[in-house]
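Chain naming here is simple, since letters A, B, ... match the order of the sequence lines and numbering starts at 1 in each.
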2 protein chains.
Amino acid sequence: MTLKPTKTVVAPANGTSGTRAEPPSSNRAARAAERRQAIIEAALEEFIARGFAATRLDDIAKRAGVAKGTIYLHFKDKESMFEELVRLVIVPVVERLTKLPPPAGSVRDLVEVFASTFLREVASTRRGDLVRLIVAEGPRFPAVADFYYREVVQRGIAGMRALIELGIARGEIREKGLAKFPQILVAPVLISVIWQSLFERHAPLDAQAMLRVHLDLIFGERRTT
Amino acid sequence: MTLKPTKTVVAPANGTSGTRAEPPSSNRAARAAERRQAIIEAALEEFIARGFAATRLDDIAKRAGVAKGTIYLHFKDKESMFEELVRLVIVPVVERLTKLPPPAGSVRDLVEVFASTFLREVASTRRGDLVRLIVAEGPRFPAVADFYYREVVQRGIAGMRALIELGIARGEIREKGLAKFPQILVAPVLISVIWQSLFERHAPLDAQAMLRVHLDLIFGERRTT
DNA sequence: TGACTATGACTGACCGGTCAGTCATGAATT
DNA sequence: AATTCATGACTGACCGGTCAGTCATAGTCA
């Protein structure tokens with residue numbers, strides 16, 4: 001025990017209490033929650049950058065500004081930490097997207113709003129890499145793949161199908177077969193996400209523009225009478 | 001390897017030695033090549049199943065029926081082995097696909113033949129998982145990502161674009177914007193590959209059928225008049 | 001309020017297993 | 001005999017997980 005690490009000075013003030021400049025939030029539970037959050041963010045960052053197997057808990061701890069042991073106060077082990085992490089990040093996004101659609105306007109507009117939101121919220125953020133991470137680690141984490149399928153894919157497909165059927169009923173969509181493969185609707189968005197994280201530096205892709213072209217394919221050329 | 005105490009067979013002179021021996025490859029170079037091939041296949045299998053970091057060289061060796069040291073007679077280390085592996089698997093596929101298109105028939109037929117071949121040759125084989133592997137490990141192996149971009153993606157995009165422009169010129173394709181985003185053309189195929197390796201067990205996907213619907217979108221409903 | 005104690009969040013040195021890479025040994029080939 | 005190839009026991013670095021000890025904080029009492 002030679003040096004006393006600075007510890008307390010780390011946290012950026014939460015700015016709640018004006019009088020006291022208290023770097024660490026005072027309350028114990030609050031501090032714990034903060035640390036937990038820091039661990040989650042650090043872990044996400046590291047897992048995305050290195051993949052599950054190559055990520056070192058020491059690095060997560062260092063990035064989170066926490067000792068390694070602390071991680072084990074919040075998570076059982078590396079594996080369940082990873083699984084829980086995915087849930088923690090996905091759930092709020094799904095919730096956001098779920099309660100999005102205001103049932104008005106043309107189907108095309110609906111889809112466009114939806115997909116654009118997705119692009120903005122997911123494709124161009126850290127969450128985009130999370131999708132890649134799931135693709136990468138899914139086969140080795142059935143629990144993660146299952147969860148992702150149930151919470152995201154299945155719902156997404158169902159929603160898309162409903163929209164497509166509506167579009168067909170209203171005569172906006174000509175291609176009937178599309179209802180059997182809603183995947184086609186989102187394929188370019190997915191491709192954008194993967195493209196960006198792999199080839200952005202070779203050839204950046206204008207995801208929004210690509211999406212528009214794709215929707216033109218499905219709904220016919222922009223018919224803004 | 002119960003090898004007969006045979007001789008070389010490489011003999012320059014006429015067959016002084018027995019004209020025997022090929023069940024177990026006799027020639028030394030041939031045997032080495034065989035082992036190399038076995039290592040490559042085993043490694044591919046393991047890397048696909050576990051990812052780069054989690055793959056053990058001991059397992060590769062065991063699967064290849066070879067001692068670990070032997071691997072190092074053929075590859076510098078784990079990392080360059082992985083990179084070389086990707087090249088070794090991709091190159092022949094690219095060659096096959098490159099020399100495929102016989103320039104005849106409608107553009108739609110051309111595209112359909114091409115994509116179907118791709119589905120058959122890639123999506124439903126071990127090579128499909130290789131695509132997922134590249135997506136997974138790409139960010140950590142710039143060399144692999146670069147190679148893949150140059151050899152596969154760039155060429156593929158260029159080829160698709162040429163086809164699309166031809167289709168537009170011939171009036172088969174209405175949507176002009178497609179030429180700017182050839183990615184859209186192959187998006188469903190890529191999605192198929194990823195879908196199969198992640199969700200096959202939840203909900204198998206008829207890739208060929210999906211492809212047909214997608215092509216209907218682009219070329220208009222089957223117009224076999 | 002101030003002093004004293006109990007709590008448990010947090011730490012980080014440590015342990016044990018794992019695994020990439022090496023190399024002395026022996027076998028096969030020339 | 002000399003050379004080339006293959007082997008697998010071995011080494012040492014690395015890393016997930018542990019736990020005895022520390023100390024800020026909350027609780028208790030006067």
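Rounded to an integer number of Å, the gap from B/D77 CG to C/dC19 P is 17 Å. The nearest whole Å value for the distance from the CD atom in A/E46 to the C1' atom in D/dG16 is 15 Å. Rounded to a whole Å, the CD1 atom of A/I39 is 12 Å from the C1' atom of C/dT11. The nearest whole Å value for the distance from the CZ atom in A/R31 to the P atom in C/dT7 is 21 Å. Taking atom CD of residue A/Q37 and atom P of nucleotide C/dA9, one finds them 18 Å apart after rounding to whole Å. A/L73 has its CG atom 9 Å from the P atom of C/dT11, to the nearest Å. When the P atom of C/dC19 is taken as reference, atom CZ of B/F52 falls 14 Å away, rounded to whole Å. Distance, B/D58 CG to D/dT7 P: 13 Å, rounded to whole Å.
Note that B/R96 lies outside the cation-pi zone of B/F118, set by a 6.0 Å cut-off to the ring centre and a 45° limit from the axis.
The B/L57 side chain lies nearest to C/dG21 when the options are C/dG21, C/dC10, D/dC5. Listed nucleotides D/dA6, C/dA13, C/dT11 differ in distance to A/K68; the shortest reach to its side chain belongs to C/dA13. In the set D/dG8, C/dT11, D/dT18, D/dT18 carries the atom at the smallest distance from any side-chain atom of A/Y72.
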Quiz prompt | Trace of the salt bridge (Lys or Arg N to Asp or Glu O under 4.0 Å) decision for A/E45 with A/R126 | solution = CA-CA 8 Å; A/E45 210 75 28; A/R126 184 74 349 102; 2.6 Å; yes
Quiz prompt | Pair A/K62-A/K68, side-chain contact (heavy atoms from CB on, under 4.5 Å): steps then yes or no | solution = CA-CA 8 Å; A/K62 188 186 282 184; A/K68 185 156 58 146; over 6 Å; no
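Between B/F52 and B/F141, the distance separating the two ring centers is shorter than 6.0 angstrom.
The side chain of B/R35 contributes an N or O atom lying less than 4.0 Å from OP1 or OP2 of D/dT7.
Comparing A/T55 and A/T70 along DNA chain D, the residue whose closest nucleotide (by nearest heavy atom) sits nearer the 5' end is A/T55.
Looking at heavy-atom distances under 4.0 Å, B/K78 makes contact with sugar-phosphate atoms alone, never a base.
Ionic pairing of A/E84 and A/K76 is not present here: no N-O contact between side-chain nitrogen and carboxylate oxygen is shorter than 4.0 angstrom.
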